[in-house]
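Let me begin by presenting the structure, written as structure tokens, before commenting on it.
Proteins come first, then strands; the chains are lettered A, B, ... in the order of their sequence lines, and each starts at number 1.
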Number of protein chains: 2
Amino acid sequence: MSKNVVTSGDVARRARVSQSAVSRAFTPGASVAPETRERIHEAARDLGYRPNALARAMISGRSRLIALMTAYMDNQFYPLLLEQLSRRLQDDGYSVLLFMTDPGDQDKVVQQIMQYQVEGIVMASATMSSTLARECAQTGIPVVMFNRYVPSSPASSVTSDNIEGARCVGDFLVRGGHKRIAFIAGDEDSSTNRDREAGFYQALAQHGITVWGRVVGGYTFEGGAEAARSLFSGDEKPDAVFVANDHMAFSVMDVLRQELGLRVPEDVSVVGYDDVPQASWKGYDLTTVSQQGEAMIEATQAILTEQIESQSVVQRAVILPSPLVIRGTSRLPDKGC
Amino acid sequence: MSKNVVTSGDVARRARVSQSAVSRAFTPGASVAPETRERIHEAARDLGYRPNALARAMISGRSRLIALMTAYMDNQFYPLLLEQLSRRLQDDGYSVLLFMTDPGDQDKVVQQIMQYQVEGIVMASATMSSTLARECAQTGIPVVMFNRYVPSSPASSVTSDNIEGARCVGDFLVRGGHKRIAFIAGDEDSSTNRDREAGFYQALAQHGITVWGRVVGGYTFEGGAEAARSLFSGDEKPDAVFVANDHMAFSVMDVLRQELGLRVPEDVSVVGYDDVPQASWKGYDLTTVSQQGEAMIEATQAILTEQIESQSVVQRAVILPSPLVIRGTSRLPDKGC
DNA sequence: TTGAAAGCGCTAACAA
DNA sequence: TTGTTAGCGCTTTCAA
């Protein structure tokens, strides 16, 4: 902290007004005579005065702080969320407190967060125990789970329609004439993986097909590579793989092409999920399902600001469409999904 | 904020002690009788008490807040910095305030930051006017520029040895037998680009060669692609390109391979800078110069904590080695650099 | 429109 | 070891 040296008292003395007048001069809409305000601002400028946001937060009960929790940055989906969400919140006059968590210490981190009197919490790739979520709700702090949900939790959630998106992939692959369709799962504890898996199987079932093979990749780059190796280790190999996120799909493609010498999509089709920027890079040119980050962020911000202003926390679950983006890693059926 | 309902006074009443006893019970190393402390903690648990970090910061003059400013997240180098640095600071008991800036509003954002009484500022891919840096120094707030520096500024800096790293690339390419060596520059206003360009030219000069062509890509993906297109538009084409960062190098390779049908490295060698994770992905397998993020982050943290603790801000400039990582996008000379 | 005064929740002397 | 007291810098009544 190192002393903000100049306080409103100092400014008051120099401008020959009371300390409360200084406060008003820096409060939009407060009643101050124009010339008084001008004099105060001048004195403040001379002294290099900056209002102390902490003191303001204490007395007014509004910290203008939003906490953002996330677990990893390797998957490009999250950095971009971070960037766009913080830009938006900044524009609304909020500041973002960033916390990296690991599965297991999430509740502990939330406790830490709440000490800072944040006005809202966004959890990306992280979840909160429902007892803690309830506590937040009672305290009046809105919680939004981004790209995750916990059905029984009072926390709100913003997700894409993972079931429908994955259903679309399944349908697309079957109609593309694939016979041995495999699935590489993400983190089995996540709602995204559950939904993607469910939607995918559902589509296969509608065509009277069952999945040819399934391996868990855990949403990590190395996990995806391992999964691919084990999936393609036998004599008979899949002719299509749906990978639960793009991040794994990249390592899967590397293994298929470089280690196994397979051609994509001639020998095997690959489809991912998320549509991160790298998916459109020509080196991969990955067919994938787009999570519309922009819209998801907008929804997150809307829930947050609405609940902060209304002082009432109600559970909301926003599900946004998640369209298939067809690129070069998949054999095509005659028509789209 | 929404009222943290329970205060230390409430806990005091329930535990039948004074309010200051409660404060002590939550201050490591304060003098409290073990059984008193236990009684207080029990009461706190019953009530769901959490100390108010804002109030604590106000009175103690220590906010335990560190601000992190950055401009973009597309270049994977920065998200990873963010992740690792926040994890480390968290472990040290600090919380991270995140601010996204654009060139131009950086000083404004710093003013906003200082209202939160942060104890330190880390600026990644962003710089601060030297007058403002001086102001920070006077206030006793250490500022570390990460991957940037401004010679005249009182702010500290942590960079890799961009001159030497780029010199190494130049040497490597010349010795690899390349005759028409081009350079795609990043953001011309950045110290990284200046140093990389200088080191590169210097190495060429040592071999009696001048650069075959030079285009500015501005460190962006699309800018890199454009630069490649213009560089390779004539009849005679470069047989090697040094690209000022990996992020651009990926788009350059896409253009070379997909749009122009060139083979890398047979027709043209490509070398990048940063060694972001994607550089080692087999789809690119990019020869590049490694910025050792881990070490840079360690240095940043060391400067920060040392200056916060000593309450004295002195300018420090740490320059870390930046070794060439040879992968598959470059024709090889007989021996290394 | 302005100033005086109270107090947000806490820490840090100082006495007891 | 404990309680009392005095603020940190600010916003917000309440009178003037």
Inset, instruction - Take Phe146(B) and Met296(B) through the test side chain to side chain contact (heavy atoms under 4.5 Å, CB included) and record every step on the way to the result. - result: CA-CA 8 Å; Phe146(B) 187 94; Met296(B) 290 173 72; 3.7 Å; yes

Legend entry - Lys/Arg N to Asp/Glu carboxylate O, Glu306(B) vs Arg316(B), below 4.0 Å: yes

Legend entry - Salt-bridge present (Glu83(B), Arg87(B); N to O < 4.0 Å): yes

Distance criterion of 3.5 Å, no angle test: do you see the side chain of [X] paired donor-to-acceptor with the base of [N]?
{"X": "Ser23(B)", "N": "dA12(C)", "result": "no"}
{"X": "Ser31(A)", "N": "dT2(C)", "result": "no"}
{"X": "Arg24(B)", "N": "dG3(D)", "result": "yes"}

Nearest-Å distance for atom pair [atom1]/[atom2], residues [X] and [N]:
{"X": "Arg50(A)", "N": "dC10(D)", "atom1": "CZ", "atom2": "C1'", "answer": "16 Å"}
{"X": "Ile59(A)", "N": "dT11(D)", "atom1": "CD1", "atom2": "C1'", "answer": "5 Å"}
{"X": "Leu54(B)", "N": "dC10(C)", "atom1": "CG", "atom2": "P", "answer": "11 Å"}
{"X": "Phe26(A)", "N": "dT11(D)", "atom1": "CZ", "atom2": "P", "answer": "10 Å"}
{"X": "Arg56(B)", "N": "dG7(D)", "atom1": "CZ", "atom2": "C1'", "answer": "17 Å"}
{"X": "Ile40(A)", "N": "dG3(C)", "atom1": "CD1", "atom2": "C1'", "answer": "12 Å"}
{"X": "Gln115(A)", "N": "dC10(C)", "atom1": "CD", "atom2": "P", "answer": "10 Å"}
{"X": "Arg16(A)", "N": "dT1(C)", "atom1": "CZ", "atom2": "C1'", "answer": "19 Å"}

Legend entry - Closest nucleotide among dC10(C), dT2(D), dA5(C) to the Ala33(B) side chain: dT2(D)

Legend entry - Residue Val17(A), side-chain heavy atoms: nucleotide from dG9(D), dT11(D), dG3(C) that is nearest: dG3(C)

Inset, instruction - Give one of base, sugar-phosphate or nothing for Val22(A), where a contact means two heavy atoms less than 4.0 Å apart. - result: nothing

Presence of [X] side-chain N/O under 4.0 Å of [N] phosphate oxygens OP1/OP2:
{"X": "Thr36(B)", "N": "dT2(D)", "value": "yes"}
{"X": "Tyr49(B)", "N": "dC10(C)", "value": "yes"}
{"X": "Ser18(B)", "N": "dG3(D)", "value": "yes"}
{"X": "Ser8(A)", "N": "dC10(D)", "value": "yes"}

Inset, instruction - Take the angle between the ring planes of His41(A) and Phe26(A) and call it parallel below 30°, perpendicular above 60°, tilted in between. - result: perpendicular

Legend entry - Residue met sooner reading DNA chain D from 5', once Thr27(A) and Glu35(B) are mapped to nucleotides: Glu35(B)

Inset, instruction - Taking the side chain as every heavy atom from C-beta outward, state whether Asp10(A) and Val5(A) have any atom pair closer than 4.5 Å. - result: no

